[in-house]
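Just so we're clear, the structure is a prediction, and the values are computed from it rather than from any experiment. Remember, it's 1-based here, ligands and their atoms both numbered in the order they're listed.
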Amino acid sequence: MKAALIIVSALSLLAGQAYADGKAVYDASCATCHKDGVAGAPKFGDKDGWAVRIKTGNAALVGSVLKGKGAMPAKGGNASLSDADVKAAVEYMVKASK
Ligand code: HEC
(Lines give C-alpha, C1' and ligand atoms only; values in the text may rest on other atoms or scores of the structure.)
Protein backbone atom coordinates (compact mmCIF):
# COMPACT_ATOMS: atom_id res chain seq x y z
CA MET A 1 0.00 0.00 0.00
CA LYS A 2 2.74 2.41 0.99
CA ALA A 3 4.79 1.42 -2.04
CA ALA A 4 1.85 2.11 -4.36
CA LEU A 5 1.48 5.57 -2.87
CA ILE A 6 5.15 6.29 -3.37
CA ILE A 7 4.95 5.18 -7.00
CA VAL A 8 1.90 7.34 -7.62
CA SER A 9 3.56 10.43 -6.14
CA ALA A 10 6.78 9.76 -8.05
CA LEU A 11 4.80 9.55 -11.28
CA SER A 12 2.92 12.77 -10.67
CA LEU A 13 6.22 14.48 -9.85
CA LEU A 14 7.62 13.34 -13.19
CA ALA A 15 4.49 14.46 -15.02
CA GLY A 16 4.76 17.86 -13.32
CA GLN A 17 8.32 18.30 -14.47
CA ALA A 18 7.54 17.25 -18.01
CA TYR A 19 4.74 19.79 -18.14
CA ALA A 20 7.02 22.84 -18.36
CA ASP A 21 7.34 23.08 -22.14
CA GLY A 22 10.09 25.56 -22.96
CA LYS A 23 8.88 26.29 -26.47
CA ALA A 24 5.29 26.87 -25.39
CA VAL A 25 6.41 29.25 -22.62
CA TYR A 26 8.77 31.05 -25.02
CA ASP A 27 6.09 31.43 -27.70
CA ALA A 28 3.53 32.76 -25.22
CA SER A 29 5.63 34.97 -22.95
CA CYS A 30 9.10 35.66 -24.32
CA ALA A 31 8.88 35.88 -28.12
CA THR A 32 7.25 39.34 -27.93
CA CYS A 33 10.68 40.78 -27.18
CA HIS A 34 13.18 38.06 -28.00
CA LYS A 35 11.96 37.24 -31.53
CA ASP A 36 12.95 40.62 -32.96
CA GLY A 37 15.20 41.98 -30.23
CA VAL A 38 12.76 44.53 -28.81
CA ALA A 39 14.27 46.98 -26.26
CA GLY A 40 17.74 45.47 -26.68
CA ALA A 41 16.65 41.91 -25.90
CA PRO A 42 19.09 39.29 -27.22
CA LYS A 43 17.41 37.83 -30.32
CA PHE A 44 16.29 34.21 -30.38
CA GLY A 45 18.89 32.16 -32.30
CA ASP A 46 21.48 35.00 -32.45
CA LYS A 47 24.69 33.19 -31.51
CA ASP A 48 26.78 36.36 -31.15
CA GLY A 49 24.16 38.10 -29.07
CA TRP A 50 23.86 35.16 -26.71
CA ALA A 51 27.50 34.03 -26.41
CA VAL A 52 28.48 36.36 -23.53
CA ARG A 53 25.26 35.65 -21.67
CA ILE A 54 25.48 31.87 -22.11
CA LYS A 55 28.96 32.00 -20.54
CA THR A 56 27.42 33.08 -17.23
CA GLY A 57 25.59 29.74 -17.07
CA ASN A 58 21.93 28.75 -17.20
CA ALA A 59 21.42 29.26 -13.45
CA ALA A 60 22.48 32.91 -13.70
CA LEU A 61 20.28 33.44 -16.76
CA VAL A 62 17.26 31.90 -15.04
CA GLY A 63 17.98 34.17 -12.06
CA SER A 64 17.95 37.24 -14.34
CA VAL A 65 14.57 36.28 -15.74
CA LEU A 66 13.06 35.53 -12.31
CA LYS A 67 14.17 38.93 -10.95
CA GLY A 68 14.03 40.90 -14.17
CA LYS A 69 17.00 42.58 -15.85
CA GLY A 70 17.26 45.98 -17.53
CA ALA A 71 14.19 46.46 -19.73
CA MET A 72 12.99 42.89 -19.02
CA PRO A 73 10.39 42.70 -16.25
CA ALA A 74 10.49 39.81 -13.74
CA LYS A 75 9.40 36.55 -15.44
CA GLY A 76 9.20 38.51 -18.70
CA GLY A 77 6.12 40.24 -17.27
CA ASN A 78 4.12 37.02 -16.87
CA ALA A 79 3.81 36.55 -13.10
CA SER A 80 1.75 33.35 -13.60
CA LEU A 81 4.83 31.44 -14.82
CA SER A 82 6.35 28.98 -12.36
CA ASP A 83 10.11 28.88 -11.79
CA ALA A 84 10.13 25.60 -13.77
CA ASP A 85 8.39 27.33 -16.72
CA VAL A 86 11.04 30.07 -16.71
CA LYS A 87 13.85 27.52 -16.50
CA ALA A 88 12.42 25.50 -19.40
CA ALA A 89 12.05 28.63 -21.56
CA VAL A 90 15.63 29.73 -20.82
CA GLU A 91 16.94 26.25 -21.68
CA TYR A 92 14.96 26.30 -24.93
CA MET A 93 16.29 29.75 -25.89
CA VAL A 94 19.89 28.92 -24.95
CA LYS A 95 19.84 25.65 -26.89
CA ALA A 96 18.58 27.45 -30.01
CA SER A 97 21.17 30.22 -29.69
CA LYS A 98 24.41 28.24 -29.22
C1 HEC B 1 9.44 43.18 -22.42
C2 HEC B 1 10.42 42.50 -23.25
C3 HEC B 1 10.93 41.14 -22.78
C4 HEC B 1 10.20 40.01 -22.51
C5 HEC B 1 8.69 39.80 -22.59
C6 HEC B 1 11.17 38.99 -22.14
N7 HEC B 1 12.45 39.50 -22.19
FE8 HEC B 1 14.18 38.48 -21.78
N9 HEC B 1 15.24 40.19 -22.07
C10 HEC B 1 14.72 41.41 -22.46
C11 HEC B 1 15.79 42.40 -22.50
C12 HEC B 1 15.65 43.85 -22.90
C13 HEC B 1 16.98 41.72 -22.11
C14 HEC B 1 18.38 42.31 -21.94
C15 HEC B 1 18.50 42.78 -20.49
C16 HEC B 1 19.84 43.44 -20.20
O17 HEC B 1 20.87 42.76 -20.34
O18 HEC B 1 19.82 44.61 -19.85
C19 HEC B 1 16.58 40.33 -21.85
C20 HEC B 1 17.47 39.34 -21.44
C21 HEC B 1 17.14 38.02 -21.27
C22 HEC B 1 18.07 36.98 -20.91
C23 HEC B 1 19.56 37.15 -20.62
C24 HEC B 1 19.71 37.50 -19.14
C25 HEC B 1 21.13 37.76 -18.74
O26 HEC B 1 21.45 37.52 -17.56
O27 HEC B 1 21.93 38.21 -19.56
C28 HEC B 1 17.37 35.81 -20.83
C29 HEC B 1 17.89 34.44 -20.48
C30 HEC B 1 16.00 36.15 -21.13
N31 HEC B 1 15.88 37.48 -21.40
C32 HEC B 1 14.98 35.22 -21.15
C33 HEC B 1 13.62 35.56 -21.23
C34 HEC B 1 12.56 34.62 -21.03
C35 HEC B 1 12.73 33.14 -20.69
C36 HEC B 1 11.39 35.31 -21.21
C37 HEC B 1 9.97 34.78 -21.10
C38 HEC B 1 9.60 34.15 -19.86
C39 HEC B 1 11.75 36.68 -21.53
N40 HEC B 1 13.11 36.79 -21.54
C41 HEC B 1 10.83 37.70 -21.80
C42 HEC B 1 13.40 41.69 -22.77
C43 HEC B 1 12.34 40.81 -22.57
Audit row: Lys23, Tyr26, side chain to side chain contact (heavy atoms under 4.5 Å, CB included) steps and yes/no: CA-CA 5 Å; Lys23 182 179 188 304; Tyr26 167 79; 5.6 Å; no

Verdict with reasoning, Leu61 to Thr56, per side chain to side chain contact (heavy atoms under 4.5 Å, CB included): CA-CA 7 Å; Leu61 297 180; Thr56 66; 3.6 Å; yes

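Listed by chain and number, Ser29, Cys30, Cys33, His34, Ala39, Gly40, Ala41, Pro42, Trp50, Arg53, Leu61, Ser64, Val65, Lys69, Gly70, Ala71, Met72, Pro73, Lys75, Gly76, Leu81, Ala89, Val90, Met93 each place a non-hydrogen atom less than 4.0 angstrom from ligand 1.
At least one side-chain heavy atom of Arg53 sits under 4.5 Å from a side-chain heavy atom of Pro42. Here the side chains of Glu91 and Lys95 are not in contact, with every heavy-atom distance at 4.5 Å or above.
The backbone N or O of Leu81 lies less than 3.5 Å from a partner atom in the side chain of Lys75, making a donor-acceptor pair. With hydrogens and angles ignored, the 3.5 Å screen pairs no side-chain donor or acceptor of Asp36 with any backbone N or O of Val38.
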